[in-house]
Each structure stands twice: as structure tokens, then as C-alpha cells.
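All chains are named by letter (A, B, ...) in the order of the sequence lines, taking the proteins before the strands, and each is independently numbered beginning at 1.
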2 protein chains.
Amino acid sequence: MTAAVAAARPAGGENGAMSTSSTRRDATRQKLYEAAVTLIAEQGFSGTTVEEIADRAGVAKGTVYYNFGSKTELFEGLLRHGVGLLTDALRRAAADRPPVEGLEAMVRAGLEFIAAYPSFAQLFVAETWRTNRAWHDTLRLLRDEAVSVVSGVLDEAVRQGALAADLDTRLTASALFGMVLVVALDWLAFQPERSVDDVHAALVRLLRGRIRG
Amino acid sequence: MTAAVAAARPAGGENGAMSTSSTRRDATRQKLYEAAVTLIAEQGFSGTTVEEIADRAGVAKGTVYYNFGSKTELFEGLLRHGVGLLTDALRRAAADRPPVEGLEAMVRAGLEFIAAYPSFAQLFVAETWRTNRAWHDTLRLLRDEAVSVVSGVLDEAVRQGALAADLDTRLTASALFGMVLVVALDWLAFQPERSVDDVHAALVRLLRGRIRG
DNA sequence: GTATTTAAACTGACCAGTCAGTGCAAAAGG
DNA sequence: CCTTTTGCACTGACTGGTCAGTTTAAATAC
């Protein structure tokens with residue numbers, strides 16, 4: 001009968017029990033992330049249907065609900081996944097480098113990340129300052145993690161005397177973040193033929209205050 | 001007679017015939033803009049219903065369709081209205097000032113604009129790099145107008161020798177734009193107690209390259 | 001032989017856009 | 001004066017369609 005119903009609905013994604021390296025599920029989830037990120041970047045969360053996502057991933061609608069509890073959970077998983085990649089890239093760029101050099105490497109890592117995942121970057125800007133959304137807390141947490149990698153390096157630079165002691169590192173990290181984000185998105189949207197090196201060089205020059213005539 | 005009435009449905013908004021200072025309609029449209037900007041900033045375009053907008057504006061749903069042809073047209077009107085305000089503010093800031101000073105005044109104008117219309121700023125970042133949307137062309141046009149005010153001043157500064165001759169003014173304008181946008185949104189979201197002066201000072205210092213220890 | 005995926009039908013809520021009609025203020029008419 | 005007409009601005013119930021999420025039975029991996 002309608003009975004037992006629910007039965008085994010895995011639903012939860014990142015709960016305690018580690019998914020025992022189920023390669024198949026992981027592959028499906030990956031495909032769903034990739035499909036969802038493009039569509040949601042273009043159309044927004046509410047403007048994108050679950051069926052569209054499933055279709056583009058080449059998967060049945062039911063599979064979405066087998067792998068994720070809901071549309072929202074799929075999206076949260078996607079955010080976690082994406083910001084995780086960015087944070088790792090930033091950390092890797094800063095590692096084993098003196099702070100100021102590390103900062104410039106992080107700028108490059110940011111540009112490269114956005115070039116590699118433009119849809120994610122787009123979606124990220126669109127959602128970051130929105131409040132009252134289901135995933136707002138998740139996103140803010142993730143964002144803080146990424147930004148703190150930057151401000152951490154700035155703090156270290158201040159500690160070593162490479163940057164002014166009274167520098168507002170929080171605001172500076174924001175400014176850096178915004179600069180890279182907007183420059184990268186504009187670059188990709190309007191002058192995609194330019195190389196990363198080129199864009200990076202222009203940005204670094206700006207940062208070093210080597211602008212005046 | 002109660003009669004046939006309905007007859008003329010104006011629908012179109014910005015057509016040739018100038019609306020002869022219809023104060024009532026203008027007031028209604030203004031209320032609708034104000035209601036729509038907040039809701040769409042919070043929930044996105046597709047996530048916001050026309051009825052919600054009407055309710056918040058204290059108006060019936062039909063009124064929306066009396067004043068605008070569609071939900072999309074309402075939104076486009078809103079974009080035009082908002083970006084127009086920003087562009088004017090930037091132009092006013094730059095007017096009658098030497099370029100470098102004008103630049104710093106524009107940064108302040110940007111901060112003040114975002115502080116005055118945070119929802120609009122939010123909505124603007126969310127939509128600017130989205131492609132494939134109905135209003136994409138409109139928005140790109142408006143954005144170019146605003147950015148060109150900035151790059152125009154940069155060009156003038158280069159011409160006068162105040163900034164380096166080989167400065168990439170387009171990219172620099174983007175960077176400036178991004179910096180102000182993200183810093184302002186973070187400021188309002190996380191440290192709203194800070195004053196504009198304070199934030200402005202920190203930004204200008206960064207721009208002048210007075211960061212090193 | 002269990003875990004995962006498929007395909008297809010179904011439900012119930014929600015929503016953009018429509019339309020017949022109301023209210024009101026300023027002419028038009030007497 | 002008063003009353004009739006005109007037309008703008010607005011109203012809100014209604015319609016046709018859409019979509020998240022469910023359910024099921026059967027197929028396909030591992």
C-alpha cells in the first residue's frame with residue numbers, strides 16, 4: 001500500500017556517514033552540478049526548472065531527487081563545491097610565498113578560477129549579497145572562509161612590515177575581491193581574447209600604485 | 001454608462017507621445033519601482049510575483065498591467081530609472097573638478113549612491129553579467145553609459161599627464177567599479193555603523209597606492 | 001542482489017496575464 | 001447651479017499554464 005513510503009531516501013548530501021567512494025553517484029552529482037551552475041547562472045534559481053537541469057545533465061528527473069533532497073539542497077551542494085574549489089586555489093597560491101608575492105599570486109588564482117568557472121562566478125555575485133534566501137547562511141559562511149584567506153595574507157604582510165600597520169585589511173580584502181571579480185567578469189564578457197597574463201599585469205600595476213604619470 | 005469603458009489600454013510606457021505630467025501615474029509607477037526593487041533584490045526576478053509587488057506598493061495587481069505592459073517591462077523601467085540616477089550622480093561628481101579629484105569624488109558618489117539604494121545595487125550586480133535575459137541589451141547599454149563616465153575621466157587624466165600614458169583605462173574603470181561596488185555592499189552588510197567618510201578615506205588611500213609599510 | 005537510475009504519470013500549489021467593471025474628476029450641456 | 005458624459009486610473013476575480021516534488025514498476029549497473 002501507499003504504506004511504508006519514504007523508505008530509503010538518502011536525501012542528505014554531506015551528512016556524517018561518508019559516502020563510501022560511490023564513484024557512480026559522484027559522477028552523477030558532478031554532472032548535475034555542471035548542468036545546474038550554467039542554467040542557474042543564466043536564469044536564476046527560480047527561473048530554472050529541475051527538469052531542465054536533469055535534461056542537460058542527461059539524467060532523469062527522479063535521479064535529481066534520488067541524489068538530493070530538493071532543488072535547494074542541490075543548489076547548496078553546488079555552492080559548497082564551487083567555493084571549496086576557489087578557497088583551495090587561493091590557499092595553494094598563497095602557500096610557500098612571502099605575503100606580498102602571495103597576494104599577487106592569489107589575484108592570478110582568482111582570475112584563473114573565474115576564467116575556468118565563469119558561470120559559478122556569475123552565480124556567486126548574484127547571490128552573495130542577497131539576504132532572506134534559504135542558503136544565505138551557508139553562502140555567507142563559505143564566503144567568509146574564502147575572504148579570510150585573503151585577509152589572512154594581508155594581516156601577515158602587515159605583521160612583517162611589508163604593508164602599513166594601520167591598513168584596514170578587512171576592507172582591503174573586500175576591495176581586492178571586488179576588483180578581481182568585476183575585472184574578470186568584464187574581461188570574459190567583453191575582451192575574451194586577452195590573456196590572463198595581460199589582465200593580471202594590469203591589475204598588479206594598479207595594486208602597486210604605479211599609475212601616476 | 002457603466003458601458004464599454006475599457007477601450008484604450010495605454011500599456012506602452014516610454015512611447016513617443018509625452019505623458020502630459022500625469023502626476024498620479026508617475027506616483028504609482030514610483031511606488032511600484034520602490035516595491036519591486038526591494039523584492040527583486042531579495043528574491044530575484046522569477047522568485048518575485050507581480051502580486052507581491054502590487055501588494056507592497058499598496059496597489060492592485062491590475063494596476064501593474066495598466067502601467068506596464070508586463071513584469072519584464074516593469075523591471076526594465078526600473079533598471080533604466082536606477083542606472084539613470086547613478087549616471088547622473090557620477091557626472092555631477094566629476095563636473096567642474098580636475099580629473100584626479102573628480103575620480104575621488106566619483107568614488108564617494110558611488111558609495112553614497114549604493115548606501116542610498118542598496119537594493120538597486122544588489123540587483124544590479126546580480127543581473128549585469130547574466131546573458132540570455134530579456135533585458136540584457138538594455139542593461140548593457142545602461143551600464144556602458146555609467147562606466148564610460150568613469151573611463152572618460154580617466155582618459156582626461158591621462159591626457160593631462162596626471163596618470164600614466166599607457167594606463168589601461170577600460171580595465172581600470174572596471175576595477176574601480178568593482179572595488180566600490182563590493183566594498184560598499186560589504187560595508188552595508190557587515191559594518192553599517194561605519195561612516196561614508198571613513199570608508200571613502202580607506203578606499204582613496206588604496207587607490208593612491210599609499211599602502212606599503 | 002543491492003544500489004542506482006529510468007520513464008512516465010500525477011498532484012497540488014502557485015502565478016503571469018486578462019478583463020469586465022468601479023470610482024472619480026473634469027468637461028459638456030442644460 | 002445641477003446633471004450627464006467622458007475617459008483616465010485602478011480593481012480583483014478568474015483562467016490557462018507551469019512546476020516542485022511524489023510515486024511506481026521496471027531496467028541497469030556494480
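- In summary, B/K31 and B/D26 do not engage in a salt bridge, as defined by a charged side-chain N under 4.0 Å from a carboxylate O.
- Among C/dT5, C/dA16, D/dA9, the nucleotide with an atom closest to any side-chain atom of A/T28 is C/dT5.
- If you measure from atom CG of B/L39 to atom C1' of C/dC15, you get 15 Å, rounded to the nearest angstrom.
- Contact annotation for B/V64: no contact, since no heavy-atom pair falls under 4.0 Å across all strands.
- Between D/dC10 and B/N67, a contact under 4.0 Å exists linking OP1 or OP2 to a side-chain N or O.
- Proximity note for A/T63 (side chain, C-beta onward) versus C/dT18, D/dC10, C/dT5: the nearest is C/dT5.
- The CD atom of B/E51 sits 12 Å away from the C1' atom of D/dC14 (whole-angstrom rounding).
- Toward the 5′ end of DNA chain D lies the nearest nucleotide of B/G58, the other residue of the pair A/V50 and B/G58 mapping further downstream.
- The CZ-P distance, from A/R25 to C/dT2, rounds to 17 Å in whole Å.
- If you take CG of A/D55 and C1' of C/dT5, they are 15 Å apart, rounded to a whole angstrom.
- Between the side chain of B/K61 and the base of C/dG17, a donor-acceptor pair under 3.5 Å is found.
- As judged by a 4.0 angstrom heavy-atom cut-off over every strand, A/T49 is placed among residues touching the sugar-phosphate backbone only.
- Across the protein-nucleic acid pair, B/I53 atom CD1 and C/dC15 atom P stand 12 Å apart, rounded to whole Å.
- The interatomic distance linking A/F68 (CZ) with C/dT5 (P) rounds to 10 Å, in whole Å.
- Aromatic ring centroids of A/Y33 and A/F68 lie under 6.0 Å apart.
- For the pair B/K71 NZ and C/dA16 C1', the computed distance is 8 Å after rounding to whole Å.
- In this structure, CZ in A/R80 is found 9.0 Å from CD in A/E73, a value given to the nearest 0.5 Å.
- Contact annotation for A/G47: no contact, since no heavy-atom pair falls under 4.0 Å across all strands.
- You'll find that the side chain of A/S70 is closest to D/dG21, out of C/dA7, D/dA9, D/dG21.
- Using a 4.0 Å heavy-atom distance criterion, B/T48 is classed as a sugar-phosphate-only contact.
- Closest to the A/Y66 side chain, of the nucleotides C/dT6, C/dG17, C/dA3, is C/dA3.
- Ion pairing of B/E104 with B/R108 is absent here, as no side-chain N (NZ or NE/NH1/NH2) approaches a carboxylate O to less than 4.0 Å.
- Salt bridge present: B/R140 and B/D144 bring a charged side-chain N and a carboxylate O closer than 4.0 Å.
- Candidate nucleotides C/dG17, D/dT11, C/dT6 were compared by shortest atom distance to the side chain of B/V59, and D/dT11 ranks first.
- The listed nucleotides are C/dT5, C/dT6, D/dA20; the one nearest the side chain of A/Y65 is D/dA20.
- Considering CG of A/L171 and CE of B/M179, their distance stands at 8.0 Å, rounded to 0.5 Å.
- Straight-line distance from the CD atom of B/E73 to the P atom of C/dA16: 15 Å, rounded to whole Å.
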